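Only one structure is covered here, and it is reproduced in the block below.
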Amino acid sequence: MAVSGLTIGAFVLVLCIGSVANYPNGDVTQSCQDMVPQHNHLPHPDPVHSIAAAPTTFTPGGQVEVTLSGPEFRGFLLEARDAEDLSGSPIGSFTLIDSQVSQLLTCGDIQGSAVSHTNPHKKTEIKVYWNAPKSAPNHVRFLVTVVEKYKTYWVKIPGAVISQPKALPFSTPEATVAPPSTLPPVSHLTESFGASDCGSKKFCVRSPSACDPAKERACVFLSFTLDDRSVRVEMSGPSKGYLSFALSHDRWMGDDDAYLCIHEDQTVHIQPAHLTGRSHPVMDSWDTLEDMAWRLEDGVMQCSFRRNITFPGVKNRFDLNTSYYIFLAAGAANDGRIYKHSQQPLITNEKHDVTADPVNVGGSRAPLLLRAHGALMLLSWMTAVSVGVIVARFFKPVLSELLCGESAWFQVHRTLMLTASSLTCVAFVLPFIYRGGWSRHAGYHPYLGCLVLALAVLQPLLAALRPPLQDHRRRLFNWTHWAMGTAARMMAVAAMFLGMDLPGVDLPGLWKTYTMIGFVAWHVGTEVTLEVHTYRLSRKVEILDDTRIQIMQPFAIAEAEGHAFKKAVLAVYVCGNVTFLIIFLSAISHL
Ligand code: HEM
Ligand SMILES: *[C@@H]1O[C@H](CO)[C@@H](O)[C@H](O)[C@H]1NC(C)=O
Ligand SMILES: *[C@@H]1O[C@H](CO)[C@@H](O)[C@H](O)[C@H]1NC(C)=O
């Protein structure tokens, strides 16, 4: 279960911010270009570290010693760039002096074009060699990003400039490296958001539906109010860490436009971000948001901001004049760092255009189609198939009277198995309808599911073509029928265990695993009991035969007692089985 939990855990959006702390090994190549660490903090403005270079002239193919020094720091990223184009790509390559503390990275296409830390230990000085490429610009400047700790870092500190001997002296104003902007103005909300305009002026997403954030602490609330060319967004919910929502083209996390409100140091940071795949969100700049405000009261976090409907030329901010699925998630945050949401995100059932008619929508953490899928599969494989198999295996002599022209056990078996097969077919298509395709990120469950379906379809087809009882091929059929059926049941049990752990249904906690183990034990226990009983009955009959007591009476009594016992076991088993089923179905319906 732990393994399946892990695989599936990987499916859910991992809201974790990468950082030097998260990348203590210094593998920070995703920051190659902008040299900005993925920490959602503003870089410090005034650098205290410096880069010296000796000598200060270089010839193509030559080597220069570069020294980064300053107060204790933990991480860094060093590059050389054309001094006249500091946003261009790295130039030349480095050679390490001490590979214990520094390592080469490949930024752009050039191997060793950047250097970073190898561990998060404190250091005060790093020395490396820089190798000038064959064709180098006239002036090269070293740039470094230094991380002192998670929240404290300086980005793209300009270091020494080195020049080719014949070049004119370098004279670009220091201002080429723009100082990072300051924190945007954020105000304090004096009162809670209200839900009274929902449906008339505000487009509202709420859970539970129609809740009021001003009155109910547990109310998860997101609203969009259109005025002129901008949209005012309000988000509220119980959270000590962060609240976030994302606009998505599909029902998967990834390639989404996201907004986070993160509790930190008695304030709330409001942060646009975008989600690339299932990894941590990548923080974007604040410039697109205006009128940011927040409030913290009683464990309820509220934040609001305004943004334009469209941002021509700005990447990652979606146009608000089209429809999206809306995700709402919350989770823990610590020291400005955010962690994976604790609960499955709330997802709207369909796409919505938040600037069209202001309506009220709800959402679900477990979509109806997936819940129906789970419920039908449980009904088929936990109950119908289990009972059907037990009846066929142990009740041929017990339920031998005719029922509509066939023996009763056969009628029961056939009905249950055909029901299970048809329900399996229906249940099978539901996740496909929901996802509009194959369930990526659902681990082995879908693969097992497909095998189960294949067997569930084949099994009744083959059974319909079975050779007559006396035919010599009948034994072959019996064996195949048993083997395929058993394989299907085992895979179905595995699929059920894995399915229950998928975020799509999100059954709470560990109880489901224990309950499922309980069910399997109940079932196996019953089969063993019946097996032992059958064996002892056959021994009894043999003994009776052996002693050649020519009276049929005791045998008939033994057999009748045996049948009564078996019927009792079946009744008890069915009650237990149905109880397990009801437990699961009610848990699924209460999601
Ligand atoms: C023997 C029983 C089962 C079979 C044969 C089966 C089969 C499948 C198959 C083939 C898929 C993939 C569909 C696709 O790719 O879109 C699927 C998805 C899924 N199944 Fe099952 N399933 C079974 C039992 C269950 C149970 C008991 C649950 C939960 C209680 C469950 C929950 C899910 C969920 C949540 C998904 C969607 C995953 C996602 O896209 O997020 N399944 N199942
Ligand atoms: C939003 O749009 C207005 C008018 O079109 C424009 O003046 C303003 O700069 C835009 N705001 C942002 C943050 O881009
Ligand atoms: C949304 O607005 C942008 C800019 O005005 C426009 O280019 C785009 O076609 C609009 N999209 C829709 C679906 O109306």
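Starting from 1, each residue takes its place in the sequence as its number. What you see is a predicted model; the values in this text were computed from it and never measured. The analysis underlying the following values was restricted to heavy atoms, covering all of them including side chains, and did not include hydrogens, waters or symmetry mates. Atoms within each ligand, like the ligands themselves, are counted from 1 in listed order.
- Only one option out of Ile347, Leu247, Val205 pairs with Phe327 in a side-chain contact (heavy atoms from CB on, under 4.5 Å); it is Ile347.
- The distance between the ring centers of His117 and Phe73 does not fall below 6.0 angstrom.
- Under the 4.0 angstrom criterion, atom 7 (O) of ligand 3 counts as lacking any protein heavy-atom contact.
- Between the choices Ile309, Leu320, Asn321, the shortest heavy-atom distance to atom 1 (C) of ligand 3 belongs to Asn321.
- Contact annotation: for Arg229 versus ligand 2, heavy atoms closer than 4.0 Å belong to the side chain alone.
- Between Phe224 and Phe245, the ring-plane angle classifies as perpendicular under the 30° and 60° cut-offs.
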- Item | Cys198 vs Phe221, side chain to side chain contact (heavy atoms under 4.5 Å, CB included): CA-CA, chis, key distance, verdict | CA-CA 10 Å; Cys198 281; Phe221 172 91; 3.8 Å; yes
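- Proximity of a side-chain donor or acceptor of Arg206 to a complementary backbone N or O of Cys211 within less than 3.5 Å is detected.
- Checked by atom type and distance alone, the side chain of Asp298 never pairs as donor or acceptor with a backbone atom of Val300 at under 3.5 Å.
- Numbered from 1 in the order shown, with element, the atoms of ligand 2 that lie under 4.0 Å from a heavy atom of Asp287 read 13 (C).
- With ligand atoms numbered from 1 in the order given, ligand 2 contributes 1 (C), 2 (O), 3 (C), 8 (C), 10 (C), 11 (N), 12 (C), 14 (O) to contacts under 4.0 Å with heavy atoms of Asn308.
- Scanning all protein heavy atoms for the shortest distance to atom 13 (C) of ligand 3 gives Thr322 CG2, 3.5 Å.
- Thr310 CG2, 3.8 Å is the protein heavy atom nearest to atom 4 (C) of ligand 3.
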